[in-house]
2 protein chains.
Amino acid sequence: MGENLPGDAVENGKKSPRTPKHWELKERLAELLRAVSPGGSLPGERALASEFGVSRTTVRKALAELTAEGRLTRVHGSGTFAGEGKLTQRLQLSSYTEDMRSHGRRPTSSLLDARIGAADPELAALLGIRSGDDVLRLRRLRRADGEPMAIETSRLPLPRFPGLDRYVGDGSLYGVLYQHYGVELGHAEETIETALATPAEAALLGNEAGALMLLLSRHSFDTDGHPVEWVRSVYRGDRYKFVATLVSPQSSDDSVHARLER
Amino acid sequence: MGENLPGDAVENGKKSPRTPKHWELKERLAELLRAVSPGGSLPGERALASEFGVSRTTVRKALAELTAEGRLTRVHGSGTFAGEGKLTQRLQLSSYTEDMRSHGRRPTSSLLDARIGAADPELAALLGIRSGDDVLRLRRLRRADGEPMAIETSRLPLPRFPGLDRYVGDGSLYGVLYQHYGVELGHAEETIETALATPAEAALLGNEAGALMLLLSRHSFDTDGHPVEWVRSVYRGDRYKFVATLVSPQSSDDSVHARLER
DNA sequence: GGACTTGAGTGGTTTAGACCATTGCGATTA
DNA sequence: TAATCGCAATGGTCTAAACCACTCAAGTCC
């Protein structure tokens, strides 16, 4: 369609619709992929390279993008398979466990390690303790139907929850906080951004190093407004999607439509 | 074709510390990068390759990841430069314009095109109209301090907003809806996931094809609960970060800590 | 039967080199 | 002076080839 781009970069009398080979190949593979049901296998890289008359490097670049988009799953030594789409996670102060169950998934969670260390100044400020105070660091691996989905690293202020390290396990952390300390969560501040998997994360997630990830940071407070935890979670970008329900800041006065202006 | 589901293998115990060269190089480059102020330049690919004794391909792979993380900016024909960190956008029913202003940024928005087309069944359902009804499609390019940040594609039901296509421009769409139709936004459902830039999007954003993107889909309703728009936005993953404030579903009864269980 | 070995096939990493496209600047020219 | 040209440097794409690491099943051995 005619796209008139006002003052944009369309000078150069010779505008080449430069389309890299690997991109064109990607679209042809996507086409080919539509005929494959989830879990089905694709030809090997070498076969694709000779079939489409390109080098294996180019095939790999196209496959890499399809993989990053979650449309392919690749298993070293085994093959390339059609992906299975994304799960969604509600952006609210609710339970991973419940969210997954409501999607008909079987959620599990395992504690990777629990360590006590000293808070640096930044972390101390976040947790409302003094620099150098003890902090409990928990790392959990979350799965859905047995498939690794996310790595969650929580940090909690031990001075506020003495003995907490003796209570934690594979079960509910929030349950422990409630039963032993009477603490309930009130609100949290959460940020979402993109990231790439580190080799260690990739190994745990059955993912590839450098894979697309969604990085969530959550700063939770109890019902009295005191900080409870600082959490950093990495979710597989090829399998996850977050959902939020947004509500208009106020009912109706003059300022509303100004605040909603776009 | 494969019958079994791949990718469920999770090893434990023996883990060869296999560290690819490009990853090790990436960390060394990150170190080198700390000594460079934002906007400063790095040596060329060929220079780095010979300096670190690796091939240019390996250098490019390391640089590609750093770029995807927003820590580098690369300009074809010019060089490689240190990045400038991410902006944040509040996840609420507020204005892009106001958000940017509150961060001291100068936001601008330009209308790329406005077209009228027929709704397919799915879109019609989302917008509360009949399949085949007219839909106004708006594409906007959003910038901060002149730098392209996002492409936003909105779709609105024309039967509900007759003549809307004559009112829209570079200005506030929500303002137009309020002034001409008395419509204010009530709530919206928003999903966030990762995506890769298409060549067209990349060209508009001054980005690279295949770059990391945050894909936002928003379904907005007015204060009466009627659908107003369906928006699909792609934000630069290397420059953007989203923030949400989460509130505990309800005050206090027995079910609360159960719902908060993790 | 059960445990082990082996090897073919797969994806993963790395190399060296060629060529293309864009940029920016210095030298040249009108 | 001002515009243009040329060219070197930069990043982008692509190839061909080698080797590594992992998987899986067929074959072998006890």
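Convention: sequence-line order gives letters A, B, ...; per-chain numbering from 1.
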Can A/H76 be classed as stacking with the base of C/dG12, given a centroid separation cut-off of 5.5 Å and a plane angle cut-off of 30°?
-> no

Is [X] salt-bridged to [Y], going by a charged N under 4.0 Å from an acidic O?
X      : Y      : result
A/E45  : A/R74  : yes
A/R71  : A/D238 : no
B/E152 : B/R142 : yes
B/E31  : B/R34  : yes
B/E65  : B/R60  : no

In B/S/- notation (B base, S sugar-phosphate only, - none; protein heavy atoms under 4.0 Å), nucleotides 4-9 of chain D written 5' to 3' is -----B

Check the surroundings of atom CZ in B/R232: do more than 12 heavy atoms from other residues, nucleotides or ligands lie under 6.0 Å from it?
-> no

What's the [atom1]-[atom2] distance between [X] and [N], to the nearest Å?
X     : N      : atom1 : atom2 : result
A/W23 : D/dC14 : CH2   : P     : 12 Å
B/R74 : C/dA21 : CZ    : P     : 18 Å
A/R60 : D/dC14 : CZ    : C1'   : 15 Å
B/L66 : D/dG11 : CG    : P     : 14 Å
A/F52 : D/dA16 : CZ    : P     : 17 Å

Salt bridge (Lys or Arg N to Asp or Glu O under 4.0 Å) against [X], all qualifying residues, sequence neighbours excluded:
X      : answer
A/R115 : none
B/E122 : none
A/D120 : none

Output one line per pair: protein atom, nucleotide atom from nucleotides 15-17 of chain C, and distance, for all N/O pairs under 3.5 Å.
from: C/dT15; atom 1: OP1; to: B/K21; atom 2: NZ; distance (Å): 2.8
from: C/dT15; atom 1: OP2; to: B/S55; atom 2: N; distance (Å): 2.8
from: C/dT15; atom 1: OP2; to: B/S55; atom 2: OG; distance (Å): 2.8
from: C/dT15; atom 1: OP2; to: B/T58; atom 2: OG1; distance (Å): 2.5

Pair A/Y174-A/E229, side-chain donor/acceptor within less than 3.5 Å = yes

A/K61 side-chain N/O to D/dT13 phosphate OP1/OP2 under 4.0 Å = yes

Kindly state which residues belonging to residues 43-50 of chain A come within less than 4.0 angstrom of DNA chain D, counting heavy atoms of the residue only, listed by number.
-> A/R46

Salt bridge (Lys or Arg N to Asp or Glu O under 4.0 Å) between A/K26 and A/E69, intermediate numbers included | CA-CA 12 Å; A/K26 179 185 171 186; A/E69 292 171 357; 2.8 Å; yes

